[in-house]
Amino acid sequence: MAKFELFKGPYNPQIAEPAVLNFWGANAFFKPEYNAVKKVVDSTADLKKYLKGNPDRRYVIIDPPPNAYGRPHLGNISGYAYQDLLGRFWRMKGKRVLLFPGKDHAGIQGEIVVLRELFRPQGKSKQNMSRKQFYEETYEYFTKTMAAALQDEKRIGLSADYDRNVFTLDPEIVDNVLSTFVKLYEANKVYKGVRIVNWCPSCKTALADIDTKKKDRESTMCFLRYPLKDSVGSLEYITVATSRPETMLGDTAVVVNPDDKRYTKLHGKTLVLPLVNREVPIITDAQVDITVGTGCLKLTPAHAAEDYEIMLRWNKQHPKESVDWINVIDPEGNMCGPIGKYKGMSAEEAKNAVLADFKALGLYEKEETISQHAPVCERCETLIQPLMSSQWFVDVAEMRDKGLDAVKSGEIVIHPKYMTKKYNFWMKNLRDWPISRTLWWGYRFPVWYKGKLETTYGEDGKVLEKISGVVVTDFADAVTKKLAIVSKTSPGEGWLQDENVFDTWFSSGQWPYVTLEKEGLFDEMYPTDALDTSYDILEMWVSRMIMLGLFRTGKIPFKDVYLHGLIKGANGQKMSKSKGNVVELDDLVNEFGADAIRMLYIIGNKAGASYRIDNEKLAGNRNFLNKLWNASRYVFFAAQDLEKPWELAEKDLPFTEEDQKMLTEARDMAKRVEKKIKNFQFGLVAVDLVQSFWHSFCDSYIEQVKNRLYTKDKEGNPINTSEEAIASRRAGQWTLWHILGIYLKLFHPYIPFITEYLWESYPKSPEESGTIMYAKWPEEGKELKQ
RNA sequence: GGGCAGUUAGCUCAGCUGGUAGAGCUCGCGACUUACAUUCGCGCGGUCAUAGGUUCGAGUCCUAUACUGCCCACCA
């Protein structure tokens with residue numbers, strides 16, 4: 001047992017917190033194997049035996065894995081506070097608790113970071129090193145940075161089982177994630193095909209919709225005239241508007257609204273696309289807005305997602321008049337396809353050339369400056385170029401419906417409730433999920449080709465794939481021709497592995513079960529009890545875990561989802577380096593201590609609500625901790641001559657009204673705190689808990705009871721010497737002792753350091769736990785035998 | 001354009017299933033009381049965004065409106 005000194009003066013977390021960390025670190029309290037009854041560490045086999053068939057005996061949270069390459073930010077760390085609060089509470093309720101820590105390789109972002117931080121300073125790039133070398137050096141680098149990230153988790157008091165810290169690219173995890181892909185493939189839920197994708201020209205990879213964001217920008221709207229092949233009455237051309245004139249080279253139709261009276265007589269007519277002299281039809285789609293622009297939409301299915309959708313819809317309804325797509329911009333950002341002299345130009349050059357040529361032909365009507373929300377890459381903020389590409393997709397239809405049902409039925413509960421609507425909305429509108437990324441850092445696809453796979457953008461504007469020179473129409477065709485296979489290991493000599501890696505969310509989406517399976521705890525600990533994360537990754541991460549969890553295990557991954565708010569800077573704005581309002585954990589810890597920061601994270605906050613780092617609040621929290629410190633020291637001192645208080649029977653003590661009132665209040669607090677933690681409303685009840693301790697217990701009760709505790713007056717004369725006074729004094733001492741115990745326990749999930757530190761000096765029976773982590777939560781009728 | 005939150009004391013926010021407004025900070029006054037000045041006591045301060053409605057009674061329910069924030073989106 002450590003020895004914690006009750007030092008004089010104000011509470012100093014710089015002394016107490018490191019001492020407590022050492023104490024915890026020297027014991028196995030954070031492990032679910034820790035047996036608090038016998039005070040030994042059970043074997044994992046014994047733990048599993050104990051839990052088998054008794055899911056109520058454990059409480060499991062898989063901690064969201066932060067990026068492995070750096071230190072977690074204050075938002076990640078706030079999550080640890082919530083997860084830890086739940087873990088500590090249930091531990092005190094007698095459950096075997098596992099808080100499972102991990103680290104994420106962070107896909108695109110991870111690759112960007114190592115290229116910039118690790119390789120560029122050494123003069124290395126993907127051009128001058130092998131993929132193997134890149135992977136190995138990055139892995140080694142991440143192994144080092146990961147250790148630093150772990151320090152912060154520990155420092156904030158997260159009682160996670162650090163022996164089990166798992167990395168997303170640990171071999172066992174990789175194998176399991178790959179197995180999921182294979183199973184999806186076997187179940188016909190993953191396919192490779194040429195579809196329109198969000199292409200990031202900088203990262204040179206496809207992105208899912210959710211991996212993009214919108215950015216405001218100024219743009220020029222150009223109004224272009226497309227001549228009719230045969231004039232209709234006096235009408236010789238129609239006008240279309242576009243902010244990307246170069247894409248007109250890939251137009252395959254012009255669309256009008258079927259109800260637009262102005263264009264009724266043009267339905268089915270033909271236009272001659274200028275510059276390339278290609279004939280394109282005028283088709284209809286209800287999605288075209290009559291009020292926007294000219295009411296005529298140029299259709300470029302290969303370079304605009306909505307155009308692609310219109311094309312699919314039209315073709316489904318009009319198979320005989322079907323419209324095709326022509327890809328005119330390749331992944332390098334150069335013009336390609338059947339476009340004559342523009343071929344080979346950059347998109348920017350082509351834009352200028354197209355405009356000049358329209359002007360020369362007298363077909364340029366006018367231009368307007370507009371502001372628009374353009375999609376950009378979430379990570380590097382480069383403007384997204386939609387284009388046709390051969391990528392792997394997950395067919396989400398069935399998984400999506402099951403995921404919706406799991407929440408609708410109440411099997412999974414989202415806190416706050418209103419976020420359920422956000423989840424439902426997103427899930428209902430979910431399209432097939434592109435999971436291939438053209439990166440080196442991540443899980444390489446378990447897909448093999450018999451020889452070299454070549455993808456080219458042909459003269460006809462089509463994406464052409466060849467394996468060993470043999471043209472394949474799609475992956476299924478390649479499999480039929482025995483040129484491709486899905487396999488976790490190489491099928492043999494001459495087979496080359498797919499270059500793509502999985503979207504990082506494809507692996508994080510499997511986190512709950514791959515982690516537990518790695519530890520051999522899946523049967524006993526899945527589904528997990530709760531998930532805590534910030535609400536902004538509800539769609540990206542939570543929904544994927546639900547879908548993949550249901551697919552792979554047939555069970556939900558967790559029962560409750562607690563979505564915490566985002567941390568803002570002192571000015572109330574989002575914390576970011578460019579705004580200069582980033583606060584470092586070290587500074588806060590040094591000034592206020594981890595407990596005060598945890599209070600800021602938790603107390604007074606509720607699910608989904610964002611809040612800011614507020615030094616005034618932190619100072620208030622520090623003051624509270626000092627209050628708790630001094631009140632405890634006072635109780636220890638005032639009750640020091642009360643021997644073995646735990647052996648005194650409550651019914652034998654002559655309580656005064658003030659004693660009873662205080663006992664009632666503390667016990668009511670215990671009930672309320674328990675109820676609110678179970679409801680995931682631990683933040684608001686904590687305000688009352690602080691109030692109750694500070695004002696009822698400290699300011700009122702202690703001040704009242706003091707008079708009964710004095711044995712000498714100011715002059716040093718003996719007082720309170722009657723038998724009644726002595727008995728009353730004992731009742732007061734016992735009440736102080738008893739109630740402090742309740743509060744220390746109630747506060748422990750919130751502020752674990754100071755409560756652990758004080759707990760050592762707290763007079764307790766030999767049966768009581770030496771660490772407050774395993775002290776019994778105060779319960780009706782049971783809390784008397786502390 | 002659609003959706004979701006929010007609009008309560010000077011500031012930051014609580015007010016759960018409806019019954020005549022609360023906390024912290026700030027501010028003013030007072031107190032060196034044998035745990036604590038990182039303290040204690042007292043006090044100032046709100047027609048609960050606006051307009052209607054339901055109700056015996058509404059920050060609390062309903063309907064509009066106006067702002068603020070966030071998310072989504074196909075203005076070519």
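The sequence lines fix the lettering, A, B, ..., with proteins before strands; numbering per chain opens at 1.
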[X] has an atom [atom1]; how far is it from atom [atom2] of [N], in whole Å?
X: A:Q691; N: B:rG15; atom1: CD; atom2: C1'; answer: 14 Å
X: A:E539; N: B:rC4; atom1: CD; atom2: P; answer: 15 Å
X: A:H415; N: B:rC16; atom1: NE2; atom2: P; answer: 19 Å
X: A:Q287; N: B:rA73; atom1: CD; atom2: P; answer: 13 Å
X: A:N621; N: B:rA23; atom1: CG; atom2: C1'; answer: 14 Å
X: A:D285; N: B:rC75; atom1: CG; atom2: C1'; answer: 14 Å
X: A:K214; N: B:rG2; atom1: NZ; atom2: P; answer: 17 Å
X: A:H564; N: B:rA5; atom1: NE2; atom2: P; answer: 20 Å

Legend entry - Under 4.0 Å protein heavy-atom contacts per nucleotide of nucleotides 7-12 of chain B, with B for base, S for backbone only and - for none: -----S
Legend entry - B/S/- contact track for nucleotides 34-44 of chain B, protein heavy atom under 4.0 Å: BBB-BSSS---
[atom1] spacing across the pair [N] / [M], given as an integer number of angstrom:
N: B:rU50; M: B:rC56; atom1: C1'; value: 26 Å
N: B:rU47; M: B:rA35; atom1: P; value: 43 Å
N: B:rG59; M: B:rU7; atom1: P; value: 15 Å
N: B:rU12; M: B:rU26; atom1: C1'; value: 11 Å
N: B:rA14; M: B:rA23; atom1: C1'; value: 7 Å
N: B:rU68; M: B:rU8; atom1: P; value: 14 Å
N: B:rC27; M: B:rG69; atom1: P; value: 30 Å
N: B:rU63; M: B:rG22; atom1: P; value: 29 Å

Inset, instruction - Test salt bridge (charged side-chain N to carboxylate O under 4.0 Å, His left out) on A:E381 and A:K213 and set out the steps. - result: CA-CA 8 Å; A:E381 304 212 338; A:K213 60 182 182 183; 2.6 Å; yes
Inset, instruction - Please work out whether B:rG69 sits syn or anti, treating a glycosidic angle within 90° of 0 as syn. - result: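 B:rG69: anti.
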Restricting to side chain to side chain contact (heavy atoms under 4.5 Å, CB included), what partner residues turn up for [X], sequence neighbours left out?
X: A:L383; answer: A:R217, A:A374, A:V376
X: A:R262; answer: A:D260, A:I290
X: A:H73; answer: A:N76

Check whether the side chains of [X] and [Y] place a donor and an acceptor atom closer than 3.5 Å, and report yes or no.
X: A:K298; Y: A:T247; answer: yes
X: A:R708; Y: A:Q733; answer: no
X: A:E378; Y: A:T212; answer: no
X: A:N257; Y: A:Y263; answer: no
X: A:D503; Y: A:W433; answer: yes
X: A:T755; Y: A:Y750; answer: no
X: A:E368; Y: A:T220; answer: no
X: A:D251; Y: A:Y226; answer: yes

Looking across every strand, which nucleic acid part, if any, lies under 4.0 Å from [X] by heavy atom: base, sugar-phosphate, or nothing?
X: A:L566; answer: nothing
X: A:E309; answer: nothing
X: A:L297; answer: base

Inset, instruction - Establish, with yes or no, whether the OP1 or OP2 oxygen of B:rA76 is under 4.0 angstrom from a side-chain nitrogen or oxygen of A:Q372. - result: yes
Legend entry - Closest-nucleotide ordering on RNA chain B, the 5'-leading residue of A:T242 and A:Y535: A:Y535
Legend entry - First of A:D209 and A:T294 reached from the 5' end of RNA chain B, by closest nucleotide: A:D209
Return the residues of [range] meeting this criterion: a heavy atom under 4.0 Å from some atom of RNA chain B. Order them by number, or give none.
range: residues 416-433 of chain A; value: A:Y418, A:K421, A:F425
range: residues 251-261 of chain A; value: none
range: residues 591-606 of chain A; value: A:K606

Inset, instruction - Sort by first number and list every stem of RNA chain B: at least 3 consecutive Watson-Crick or G-U wobble pairs, both distances under 3.5 Å. - result: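 Runs of three or more consecutive pairs: B:1-7 with B:66-72, B:10-13 with B:22-25, B:27-31 with B:39-43, B:49-53 with B:61-65.
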Inset, instruction - Measure from the side-chain N and O atoms of A:H303 to the backbone N and O of A:V328, and report whether any donor-acceptor pair falls under 3.5 Å. - result: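 Yes; at least one donor-acceptor contact below 3.5 Å.
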Inset, instruction - Check for a donor-acceptor pair, side chain of A:D560 on one end and backbone N or O of A:H415 on the other, with a separation under 3.5 Å. - result: no
Inset, instruction - Apply the side chain to side chain donor-acceptor pair (under 3.5 Å) test between A:R729 and each candidate in A:N720, A:D641, A:N707; give the one that qualifies. - result: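 When A:N720, A:D641, A:N707 are each tested with A:R729, the side chain to side chain donor-acceptor pair (under 3.5 Å) holds only for A:D641.
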Inset, instruction - May I ask you to check if A:K606 and A:F680 form a cation-pi contact, with NZ or CZ under 6.0 angstrom from the six-membered ring centre and within 45° of the axis? - result: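 Not satisfied by the 6.0 Å and 45° rule.
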Inset, instruction - Give every residue pair that meets the side-chain hydrogen bond (donor to acceptor under 3.5 Å, both in side chains) criterion with at least one member in residues 673-686 of chain A, sequence neighbours excluded. - result: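 Counting only pairs at least two positions apart or across chains, the side-chain hydrogen bond (donor to acceptor under 3.5 Å, both in side chains) contacts touching residues 673-686 of chain A are A:K93-A:E674, A:E674-A:K678, A:E674-A:W777, A:K676-A:Q681.
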Ring geometry between [Y] and [X] (parallel below 30°, tilted from 30 to 60°, perpendicular above 60°):
X: A:F693; Y: A:F624; value: perpendicular
X: A:Y601; Y: A:Y611; value: perpendicular
X: A:W737; Y: A:W734; value: tilted

Please write out each protein N/O paired with an N/O of nucleotides 30-32 of chain B under 3.5 Å, distance rounded to 0.1 Å.
none

Inset, instruction - Can you run down the salt bridge (Lys or Arg N to Asp or Glu O under 4.0 Å) pairs that involve residues 418-430 of chain A, sequence neighbours left out, and say none if there aren't any? - result: A:K422-A:E539
Inset, instruction - Would you name the heavy atoms of A:Y535 and A:G608 that are closest together and state the gap between them? - result: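 Smallest heavy-atom distance, with atoms named: CE2-O, 3.7 Å.
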Inset, instruction - Give the minimum heavy-atom separation between A:L74 and A:V583, together with the two atoms involved. - result: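 What the structure gives for the nearest pair is CD1-O, 3.2 Å.
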